[in-house]
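Here the structure is laid out as structure tokens; the discussion comes afterwards.
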Number of protein chains: 2
Amino acid sequence: MRPLRRSTVYDVAKEAGVAASTVSRAFTNPRRVSPATREHILGVAEQLGYRPNPLASALQSGRTATVALLVPDITNPHFFGTIRGAERRASTAGLTFILSHTEESGHNEQRQIERLERSVDGFVLAASRMSDETTVELAREHNLALVNRQIEGLPGASVDDGRGSWQIVEHLASLGHRSLAYLSGPKDSWLAGERWKALRAAAAGHGMRATRLGPFSPKMESGAAAADAALVDGATALVAHNDLLAIGILRRLAERGLDVPRDRSVVGYDDIFGADLCVPALTTLSGPHETAGRAAVELLLERVTRPGTPPRQVVLPPHLVVRDSTGPAPV
Amino acid sequence: MRPLRRSTVYDVAKEAGVAASTVSRAFTNPRRVSPATREHILGVAEQLGYRPNPLASALQSGRTATVALLVPDITNPHFFGTIRGAERRASTAGLTFILSHTEESGHNEQRQIERLERSVDGFVLAASRMSDETTVELAREHNLALVNRQIEGLPGASVDDGRGSWQIVEHLASLGHRSLAYLSGPKDSWLAGERWKALRAAAAGHGMRATRLGPFSPKMESGAAAADAALVDGATALVAHNDLLAIGILRRLAERGLDVPRDRSVVGYDDIFGADLCVPALTTLSGPHETAGRAAVELLLERVTRPGTPPRQVVLPPHLVVRDSTGPAPV
DNA sequence: CAACTTTTGGCAATCGCTTGCCATCATGAT
DNA sequence: ATCATGATGGCAAGCGATTGCCAAAAGTTG
């Protein structure tokens, strides 16, 4: 590999018989040069194989044409949709897309932001673990958009899991369940908090008993512990923090000789790939997470191109996908 | 958002009573300044909240501490392992990680490389769709590492699907199958080519008949067409280009009233999440794709830190995971 | 103590582009 | 013909680091 010398604005300028500034403008600010010279410059640039150096450009202008997405756990299928959506949107806007894993730690998020601050135009924070205060503080100096987290005054896109949780409870109530157990996820996850609040409220509204168990790590392996805890609790309906956990629970219940949905009903969140493959196929709350990822990048863009506009919050409706893991409450 | 003015080397230099060059060296080349001044500078920098601007640094030095991963299709679970592995390795090496989707097009890969060339230290190309010639050509000017593609003289990490295909055939042969159909994937995928070559050779070695059908797009939706084609062919063993396709095939066969593994055996490649959840659970070739992703970044790093060393090729062994979708050939 | 080597730090050029400001020129209005 | 006006292009000063080269200081050696 021999990184050959690329031609610069100066080479193009000399060859085209204009000043470097004019070359620059021909590329970044077309209306600032006459159509004729622009054509000419572009032609010369083309034949010289000129390509603007994004670093140099960013250094001077402060605009990097890059966004970063910070996810707590790259390994968790829950985030794939968000990653996809964000990447696709960035790509169509001609933005470079940086992906970074924060290991479920707010502190890490903060460090990444500091590390990348000069290299990006903004950050999308997915399921951020940082406190409201820290986030607001950071938002003063950085361009942030949140996914699945709502903070007053900050732009964000989230799936309305509160409303979704009501749907879950209604579904379960209609099947005659009188009690549910929520197998909770990471305790500093905002989304998890929202889910539980809504579940509890909805349960109360339907005269159902609701208990929160856990927290459990949102992985299949935690399913056993979660299932066992739920059995002790005795609730007939188990609502798991996410599909991974729900699938783990399904497995454990089968091991312990219980039939789903006859003896217990199980519901998950996310509708990940695989949720309809397992047996019984999982009833789960499907959220437009890809859309959320896309929207978040969109919001970031908005703040760059039209600063001063008030931050928007996009809330997306989820829908319950009823499959085979829920059924009438046992008598 | 008010991007406050960050302090620069000059601020630190003035405050510490040294030259900017010394500050720079204190950070990037510690042994070039005396321990005492270094300590002092670091202290001042700390209290001024100084953070080096990666853009400025990259512009001058040519080193960006960034790598890019180009994948044909972000949506395909096959790549999740590679993405994870590459991201994790990059992250532990302190590198910024750029993820980019090339829409299954070699031409797009090339454009991305051109766009990002100054912004990264190297590229990992996963399942590249470019021709050998183009790739070799690009490798002259860029730092490339390939995943699941082998080109003479270029560094790369790949899963040995040739060997894996032999394992598949041996497994099928041992179950008494006398014929197999390979439901092929994208036709310009190198990996797909390797698989078929090995399958055909192995089948010949075992006196089995082998046909290649397709190409099919490697998605679940294509399963129906693939299954139907295979039924026409009559082979008792169906080997699908990947698990997605295999799962689609499973569904179609069930729809058409055929029992797997009694009437037909089905095998996939990749062992994606969900392969053990579907019914029957899928027999599939599990490859260490995460390791491959990690290794590729490793190779890139090697070329940056020790230029001149001959490019290495890492070949990783896959293993066959036998589940419930394969069984004795029907009599 | 002279002569020589090694450390340490500073100077200034450089990476490649952007942009505020100014000069020029063509245009239209008067 | 005169002047205000806008369009166009050039000049030059950055952006914030890195690094080759040099000089002074410090350390070695006989």
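Each chain gets a letter, A, B and so on, in the order the sequences are listed, and its residues count up from 1. We use all heavy atoms of the structure for the numbers below, so side chains are in, but hydrogens, waters and symmetry mates are not.
In the interface, the side chain of R118(A) is not paired with the base of dG16(D) through any donor and acceptor atom under 3.5 Å apart. Within 3.5 Å, a donor on the side chain of R25(B) pairs with an acceptor on the base of dG10(C), or the reverse. For S21(B) and dC11(C), a side-chain-to-base donor-acceptor distance below 3.5 Å is present, hydrogens and geometry of angles not being considered. If you check distances only, the side chain of R51(B) never reaches the base of dG16(D) with a donor-acceptor pair under 3.5 Å.
Here the C1' atom of nucleotide dC15(D) and the CG atom of L55(B) are 10 Å apart, to the nearest Å. Here dT14(C) presents its P atom at 14 Å from CG of L59(B), a figure rounded to the nearest Å. When rounded to the nearest whole Å, the span between CZ of R31(A) and C1' of dG6(D) equals 13 Å.
With E87(A) contributing its side chain and H101(B) its backbone, the two residues share a donor-acceptor pair below 3.5 Å. Judged by distance alone, with hydrogens and angles left aside, the side-chain atoms of R303(A) form a donor-acceptor pair with the main-chain N or O of T309(A) at under 3.5 Å.
Within the structure, every side-chain polar atom (N or O) of Y10(A) is placed at least 4.0 Å from both OP1 and OP2 of dT14(C). Taking 4.0 angstrom as the limit, T37(A) places a side-chain polar atom (N or O) nearer than this to OP1 or OP2 of dG9(D).
Between the OG atom in S91(A) and the CG atom in N108(B) there is a gap of 8.0 Å [rounded to 0.5 Å].
Contacts of V18(A) with the nucleic acid, taken as non-hydrogen atoms under 4.0 Å apart, involve only primed sugar atoms and P, OP1 or OP2. R38(A) comes within 4.0 angstrom of nothing in the nucleic acid, heavy atoms only. The residue S24(B) sits close to a base: some heavy atom pair falls under 4.0 Å. Contact annotation for Y50(B): backbone-only contact, meaning every heavy-atom pair under 4.0 Å involves sugar-phosphate atoms and none involves a base. Residue P52(B) is in sugar-phosphate contact alone, with no base atom involved, counting any heavy-atom pair closer than 4.0 Å across all strands shown.
Two residues are said to be in side-chain contact when any heavy atoms from C-beta on lie closer than 4.5 Å; V124(B) and V297(B) meet this criterion.
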